[in-house]
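To start, the structure itself, in structure tokens.
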Amino acid sequence: MDTIGVLTSGGDAPGMNTALRGVVRAAAAYGKTVVGVERGYQGLIDGALRPLGPRDMSGAINRGGTMLRSARCEAFMHAEGRATAARTLAEAGIEGLIVIGGDGSYRGAADLVAEHGVPCIGVPGTIDNDIGGTDYTIGYDTALNTAIDAIDHIRDTADSHDRLFFVEVMGRGSGYLAMMCGVAGGAEAILLPERPMPIEDLIAHLRKGRDAGKASAIVVVAEGNVTGGALEVARQVSESSEFTDSRVAIVGHLQRGGIPTAFDRVLASRLGAAAVEALLDGESGMMVGVSGKEVVRAPLKVAWETRTRFPESLFDLVKLLSS
Ligand code: ADP
């Protein structure tokens, strides 16, 4: 294999550039050529390709976002779109493809392998840390720290004014990130898609805290919470209780940007290089990840078949420590 393609796809995550640097520099060190594909699978359909050499990666290690851009691509969900993509790859002489993204992007890659025999390797890049095959995904640690920073700021003002705050953090289908934000931010309660908490229970919990002498409180709400986001939860709490003077903060897209943490940079550097090595070993339809301290490989489907969940014991811990 002489020429390797690389793209970033789906939701962007801090550290994607670091992973890209890992791919490009490792490939160059092994004497291979790298072609970057812009805007994820859309770039394969449009033929938006550009050569990437080691010097193009100067300054990439700590740059947030993704210099290749990312996109969601409807056309790639259909067989004709993937056939166009396979043609683009063949015409450009790209013999293997590295996909940096989440499980949606992996499904697309798995289709490309099955339908066109293009060797594909997945690198986990998503802030949600909810996919199988790896203990950690690139971007999660940075997003968590960004949210914690926001929560720390909010706690200062919540304490100063004896206020109840609802803080919404990202995570549409998965509450992993929100759970960890709640634990690390010392939240009084955490509302997640996986474990809905009825509003009456939340109110009872807030009353208990107040009766125990807590003047302020922070409730972390995952974006995908089934009873609604932070604004809706605040509205319902205010309608059904004496907690009428709450405030809402939505961390939102702040969490996606920013300089990747050292943890994410190390992870992305390792996994970017590991993806190249997997391709050169003749692997296909696999993802790279970390298990404990080691880099591991797993079939792409492990990403969506065994989703990473937070330990249930964390719920008990939050209860224990918020008393
Ligand atoms: P993520 O990779 O972060 O999970 P998405 O779920 O948005 O993000 O997926 C990114 C892209 O991957 C989609 O826009 C689409 O092009 C492709 N994709 C997602 N799911 C599939 C699927 N089931 N089959 C083929 N391609 C898919």
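Whatever order the structure lists ligands and atoms in, that order sets their numbers, starting from 1. All heavy atoms count here, side chains included; hydrogens, waters and symmetry mates do not.
- Using bins of under 30°, 30° to 60° and over 60° for the plane-to-plane angle, the ring pair Y176/Y140 lands in the perpendicular bin.
- Between D56 and R50, no side-chain nitrogen of the basic residue sits less than 4.0 Å from a carboxylate oxygen of the acidic one, so the salt-bridge criterion is not met.
- Between Q255 and M170, the closest heavy-atom pair is OE1-N, 2.9 Å.
- Tracing side-chain contacts under 4.5 Å through hydrophobic residues (I, L, V, M, F, W, Y), one reaches I4 starting from V295; they form part of the same cluster.
- Residues passing the side chain to side chain donor-acceptor pair (under 3.5 Å) test with R247 are D245, sequence neighbours excluded.
- Near ligand 1, S9, G10, G11, Y41, R72, C73, F76, M77, R82, G102, D103, G104, S105, R107, G108, D111 each place a heavy atom less than 4.0 angstrom from the ligand.
- Defined by atom type and a distance below 3.5 Å, a donor-acceptor pair is present between the side-chain atoms of D264 and T142.
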